[in-house]
Structure formats: structure tokens, C-alpha cells
Undergrad: 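Below is the structure I would like to discuss, written out as C-alpha cells.
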Amino acid sequence: MQQRRTRASMIEETRTKLVTAARRAFSQHGFAHTAMNDFTAAVGLTRGALYHHFGNKEGLLLAVIEQIEAEVADRLQAVSDAAPSSWEAFRQRCCTYLELALEPEIRRIILQDARAVFGDVPQAAQLAGIAALQASLEKLISEGIVAPLHANVTARMIYGAVTEASFWIAEPDGDPETRLDVGLQGLERLLSGLLPR
């Protein structure tokens with residue numbers, strides 16, 4: 001039993017080292033310009049360890065994305081929890097998602113590299129984001145703050161709008177700060193349409 005736990009902890013330690021090193025390298029150099037030999041050697045591992053645990057460089061990128069997305073979900077939940085009202089919790093959650101596009105690590109790994117490599121945000125992250133928005137909308141509808149509507153499809157539409165705006169803010173060309181301001185203005189107008197007239 002002890003030997004199994006030791007082996008499991010060694011596996012977890014190796015995975016953690018690889019994900020941590022890859023996350024740092026992808027953030028600094030981007031996925032395309034990161035050589036596997038460089039970051040595996042930096043943590044005393046081989047390319048074989050990477051292939052064994054993640055299949056390939058793309059599998060490792062996916063693990064990094066999942067880690068960052070989990071952290072983003074926690075941050076968004078913390079923003080919601082700290083808000084003074086249900087409406088502000090929903091509104092600030094959406095605004096914060098756009099603001100995260102300015103953070104260098106999120107901008108490069110999630111909003112540039114993930115899309116370049118996989119074509120979109122991984123489905124698990126999408127579904128989690130939509131579910132959180134849907135739960136917020138259902139609460140707002142039950143409280144009479146938001147006009148009755150189909151919460152699932154509306155959550156999908158808002159998620160799509162916020163995600164696409166984040167991709168636009170994070171594009172390598174252009175001024176991300178100015179784009180964020182424009183995005184936040186558009187988001188405020190979009191969200192205000194949910195309130196009863």
C-alpha cells in the first residue's frame with residue numbers, strides 16, 4: 001500500500017513539474033516557440049516523461065489550459081461572492097472575464113495559443129462557464145431582477161459574446177487597453193438589455 005502511494009505521489013510530482021515548467025515557458029515564449037527539451041531539462045526531466053504523461057506537447061498545453069481555467073473560475077466566483085447584489089455579481093463576473101484578457105499569461109496561453117492550437121477554448125471550460133452564467137441568470141430571474149427568458153440559451157449567448165470579445169482584446173495587433181474599454185461599454189449595453197423595461 002505504501003509503495004503504491006509513493007508511486008502515485010511520484011507520478012503526480014512529475015506531472016506537476018512538467019505543467020509548471022510548461023506554463024512558465026508558454027507564458028514567456030508562446031507555445032510555438034517553446035522547445036520541449038528546454039523546459040523538460042530545466043526541471044530535470046526528459047521528453048520521454050512528457051510523452052508518457054501527456055502524449056505530446058499539445059496534451060501538455062491542454063493540461064496547462066485546464067489549470068489556468070480552474071484558477072479563472074475560482075477568481076470569477078470570488079468576484080461574484082464579493083459583490084453587493086445578485087445583479088452586480090453577474091455583471092462583475094462578465095466584466096472581470098473581459099479584464100482578464102489583459103493579463104499576460106491568460107492573454108498568451110488561453111486567448112492566443114489555445115485558439116491557434118485547438119481552434120477554441122476546450123469544451124469542458126466552455127460548459128463550466130455557461131453553467132455558471134446560467135445559474136446566475138436563473139437566480140436573477142427568480143428574484144425578478146432579470147426579465148423571464150430561456151436561461152440556458154441566454155447564458156450561451158453571453159458566454160459567446162464575452163469569449164469572442166476577450167479573443168479580440170487579446171489579439172497581438174492593436175491596443176488591448178482601448179479594446180477593453182470598448183468591450184466593457186458594449187458589454188454594459190448588452191447586459192442592460194436583460195433588465196425589465
Side-chain angles (χ1 to χ4, degrees), residues 19-36 38-39 56-80 82-83 87-134 136-137 153-195:
V19 170
T20 302
R23 182 170 173 170
R24 186 169 39 253
F26 295 157
S27 179
Q28 291 172 353
H29 310 295
F31 178 80
H33 300 292
T34 296
M36 291 185 290
D38 293 343
F39 70 79
N56 55 26
K57 189 177 166 187
E58 288 78 9
L60 184 55
L61 175 60
L62 194 56
V64 169
I65 290 168
E66 288 169 357
Q67 184 181 72
I68 295 171
E69 288 287 358
E71 292 168 9
V72 166
D74 289 345
R75 289 173 68 182
L76 294 175
Q77 190 58 51
V79 165
S80 294
W87 173 252
E88 275 305 302
F90 180 72
R91 194 185 138 279
Q92 288 178 23
R93 181 184 197 99
C94 294
C95 291
T96 300
Y97 193 91
L98 287 188
E99 291 163 358
L100 291 174
L102 295 187
E103 293 190 10
E105 182 181 59
I106 291 172
R107 184 174 184 218
R108 175 161 247 168
I109 296 174
I110 303 295
L111 299 172
Q112 293 174 355
D113 287 346
R115 185 168 241 192
V117 175
F118 300 115
D120 210 341
V121 176
Q123 188 177 24
Q126 289 180 11
L127 294 176
I130 290 166
L133 290 173
Q134 181 177 342
S136 295
L137 283 169
V153 74
T154 306
R156 289 173 182 275
M157 293 167 75
I158 293 169
Y159 179 85
V162 172
T163 302
E164 283 303 315
S166 295
F167 283 129
W168 176 69
I169 292 165
E171 285 178 3
D173 60 333
D175 176 8
E177 299 266 355
T178 301
R179 288 184 176 196
L180 174 62
D181 289 341
V182 171
L184 288 171
Q185 289 171 33
L187 180 61
E188 292 288 356
R189 182 167 291 193
L190 178 70
L191 296 182
S192 67
L194 298 172
L195 300 171

Undergrad: Hey, is Glu103 close enough to Arg75 for a salt bridge, meaning N to O under 4.0 Å?
TA: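 Counted as a salt bridge, because a side-chain N and a carboxylate O are separated by less than 4.0 Å.
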Undergrad: Please tabulate, for side-chain N and O atoms in residues 165-175, each donor-acceptor pair with protein atoms closer than 3.5 Å (sequence neighbours left out).
TA:
| residue | atom | partner | partner atom | Å |
| --- | --- | --- | --- | --- |
| Ser166 | OG | Val162 | O | 2.9 |
| Glu171 | OE1 | Arg179 | NH1 | 3.1 |
| Asp175 | OD1 | Glu177 | N | 3.2 |
| Asp175 | OD2 | Thr178 | OG1 | 2.5 |

Undergrad: Ignoring hydrogens and angles, tell me if any N or O in the side chain of Lys57 forms a donor-acceptor pair with the backbone of Ala35 under 3.5 Å.
TA: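 Checking the backbone N and O of Ala35 against the side chain of Lys57, no donor-acceptor pair under 3.5 Å is found.
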Undergrad: So which atom in Ile65 and which in Ala114 form the shortest heavy-atom distance, rounded to 0.1 Å?
TA: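 Looking at all heavy atoms of both residues, the closest pair is CD1-CB, 3.5 Å.
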Undergrad: Apply salt bridge (Lys or Arg N to Asp or Glu O under 4.0 Å) to residues Glu71 and Arg23 and explain how you reach the verdict.
TA: CA-CA 13 Å; Glu71 292 168 9; Arg23 182 170 173 170; 2.6 Å; yes
Undergrad: If every non-hydrogen atom of Ile110 is compared with every non-hydrogen atom of Glu69, which pair is closest and at what distance?
TA: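 For Ile110 and Glu69, the tightest heavy-atom pair comes out as CG2-OE2, 3.5 Å.
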Undergrad: Is the closest side-chain heavy-atom distance between Glu99 and Leu184 below 4.5 Å?
TA: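 A side-chain contact exists here, since the closest heavy-atom pair is under 4.5 Å.
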Undergrad: Taking all non-hydrogen atoms of both residues into account, name the closest pair between Phe26 and Arg108 and its distance.
TA: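 That would be O-CD, 3.2 Å.
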Undergrad: So which atom in Leu190 and which in Ala161 form the shortest heavy-atom distance, rounded to 0.1 Å?
TA: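 Closest approach of Leu190 to Ala161, heavy atoms only: CD2-CB, 4.0 Å.
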Undergrad: Show your reasoning for whether side chain to side chain contact (heavy atoms under 4.5 Å, CB included) applies to Tyr97 and Val79.
TA: CA-CA 10 Å; Tyr97 193 91; Val79 165; over 6 Å; no
Undergrad: Can you measure from CH2 (Trp87) to OG (Ser192) and round to the nearest 0.5 angstrom?
TA: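 One finds 7.0 Å between CH2 of Trp87 and OG of Ser192.
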Undergrad: Can you name the closest pair of heavy atoms from Ile109 and Ser27 and give their distance?
TA: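 Ile109 and Ser27 have their closest heavy atoms at CD1-N, 3.8 Å.
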Undergrad: State, yes or no, whether a side-chain contact exists between Thr154 and Leu133 at a heavy-atom distance under 4.5 Å.
TA: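 When only atoms from C-beta onward are counted, Leu133 and Thr154 do not touch, as no gap falls below 4.5 Å.
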Undergrad: Are any of the side-chain heavy atoms of Phe118 and Asp113 separated by less than 4.5 Å?
TA: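 Heavy-atom side-chain distance check fails, nothing below 4.5 Å.
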Undergrad: Roughly how far, to the nearest 0.5 Å, is CD of Glu88 from OG of Ser80?
TA: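 Rounded to the nearest 0.5 Å, the OG-CD separation comes to 10.5 Å.
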Undergrad: Looking at every non-hydrogen atom in both residues, tell me the closest pair between Arg115 and Leu111 and how far apart they are.
TA: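 Of all heavy-atom pairs spanning Arg115 and Leu111, the closest is CB-O, 4.2 Å.
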Undergrad: Which distance, rounded to the nearest 0.5 Å, do you find between the CG of Leu102 and the CG of Leu180?
TA: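 Going from CG on Leu102 over to CG on Leu180, the span is 5.0 Å.
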